[in-house]
Amino acid sequence: FLKTVYPKAYQKCSKIITISNASKRDIISLWPSLEEKIVVIPHGIDDLYFKYQDVSLPTSLQKIGVKKPYFLYIGGSLPRKRFDWVLKIFCELPRNVSLVVCGFILKEKPKLHLPSDVLKRVFFTPFIDEQEMPALYYNAIATLYPSLYEGFGLPVLESQAVGTPVLFSPVGSLAELIGPGSIVLPVDNLKEWIHACKRLIIDRGDQVRPLTRAKSWARRFSWIKSAKKHLEVYKAVSPSVQAATFSGGNLT
């Protein structure tokens, strides 16, 4: 596929849609001749993140004993997601703060070699329904997202969409998602990450105070806008594509 099918498909296609300028650069670095074919159309955010009002903890978190204040990590076990980095940070934070970990399959969650007083404050979530995800972000002091590479980075947007700060480094496509709720930190400076988290504990604590400017900024990313831009490309490539309409957030 990589050596035969993909190159032929790229040669024959009229347009290539990708989700970030960073991924566009990655494609061009391998196939420079494709540059004129590439169109960047970012992902969107579900409307439920903007309409969220409830300030209570999700039921799924209450069942496993989570209480505020907590930091949220979303990522999983891939090395580039750097869960080990988050654990190093967490070990340096006050003992009244918890860490909620989202993205691991529970039967495959890692065995953590941490002091007992730290270990009891780390909570691995079960599967969380999309309807509860805004509350997961909303009730966190902040979202920790120390990934070394992303093609897009939806958690960075989703966190800001509900007004919760998000800590990350400006690598790959994440540099394109810096908004009012972003706390941008060096990839390899652990002290700065720890200091930023301690400052947020003081500033936010267990009180929910959404960042209004971050919520407004995140609205520029919507699935309706993304769908419209996709249709523009489809119609430019094939005039036979019929016009589509949007009503009440639905595409017809």
Between Glu35 and Lys24, is there a side-chain N and carboxylate O pair less than 4.0 Å apart?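 No salt bridge links Glu35 with Lys24.
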
Hey, are Lys15 and Glu36 close enough for a salt bridge, meaning a charged N less than 4.0 Å from a carboxylate O? no

Leu93/Phe71 under side chain to side chain contact (heavy atoms under 4.5 Å, CB included): CA gap, chis, key distance, verdict: CA-CA 10 Å; Leu93 301 183; Phe71 282 92; 3.7 Å; yes

Between [X] and [Y], does any side-chain donor sit less than 3.5 Å from a side-chain acceptor?
X	Y	result
Tyr49	Gln160	no
Thr18	Ser23	yes
Gln62	Thr59	no

If you round to the nearest 0.5 Å, how far is CG of Leu136 from CG of Leu61?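 Going from CG on Leu61 over to CG on Leu136, the span is 5.5 Å.
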
Give a yes or no on this: more than 12 heavy atoms of other residues, nucleotides or ligands lie within 6.0 Å of atom CZ of Arg199. yes

[X] (side chain) donor-acceptor with [Y] (main chain) under 3.5 angstrom:
X	Y	result
Ser169	Val171	no
Ser182	Gly179	yes
Lys68	Asn139	no
Ser173	Glu150	yes
Arg82	Ser147	no
Trp193	Pro186	yes

Locate the shortest heavy-atom distance separating [X] from [Y]; write the atom from each residue and the value.
X	Y	answer
Val86	Tyr73	CG2-CD1, 3.5 Å
Arg219	Lys225	O-NZ, 3.7 Å
Phe152	Pro42	CE1-CB, 3.8 Å
Val100	Tyr70	CG2-CD1, 3.5 Å
Tyr10	Lys37	O-NZ, 2.7 Å
Ile128	Met133	CG2-SD, 3.7 Å

Ring-plane angle category for Trp223 and His43, please: parallel below 30°, perpendicular beyond 60°, tilted otherwise.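 Aromatic pair Trp223/His43 classed tilted.
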
Output side-chain donor-acceptor pairs under 3.5 Å for residues 114-126, partner residues at least two apart or in another chain, one line each.
residue	atom	partner	partner atom	Å
Asp117	OD2	Arg95	NE	3.2
Arg121	NE	Arg95	O	3.3
Arg121	NE	Asp117	O	3.0
Arg121	NH1	Pro94	O	3.4
Arg121	NH1	Val97	O	2.6
Thr125	OG1	Val101	O	3.3

Does any part of the side chain of Tyr137, heavy atoms only, come nearer than 4.5 Å to the side chain of Ile74, both counted from C-beta? yes

Can you list, by chain and residue number, the hydrophobic cluster partners of Val40 when the side-chain cut-off is 4.5 Å?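 Listed partners: none, Val40 stands alone.
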
What about Phe104 and Phe83, are their ring centers closer than 6.0 Å?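 Centroid distance Phe104-Phe83: below 6.0 Å, so yes.
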
Does Ser98 form a side chain to side chain contact (heavy atoms under 4.5 Å, CB included) with Val66? I'd like the steps, not just the answer. CA-CA 8 Å; Ser98 297; Val66 174; 5.5 Å; no

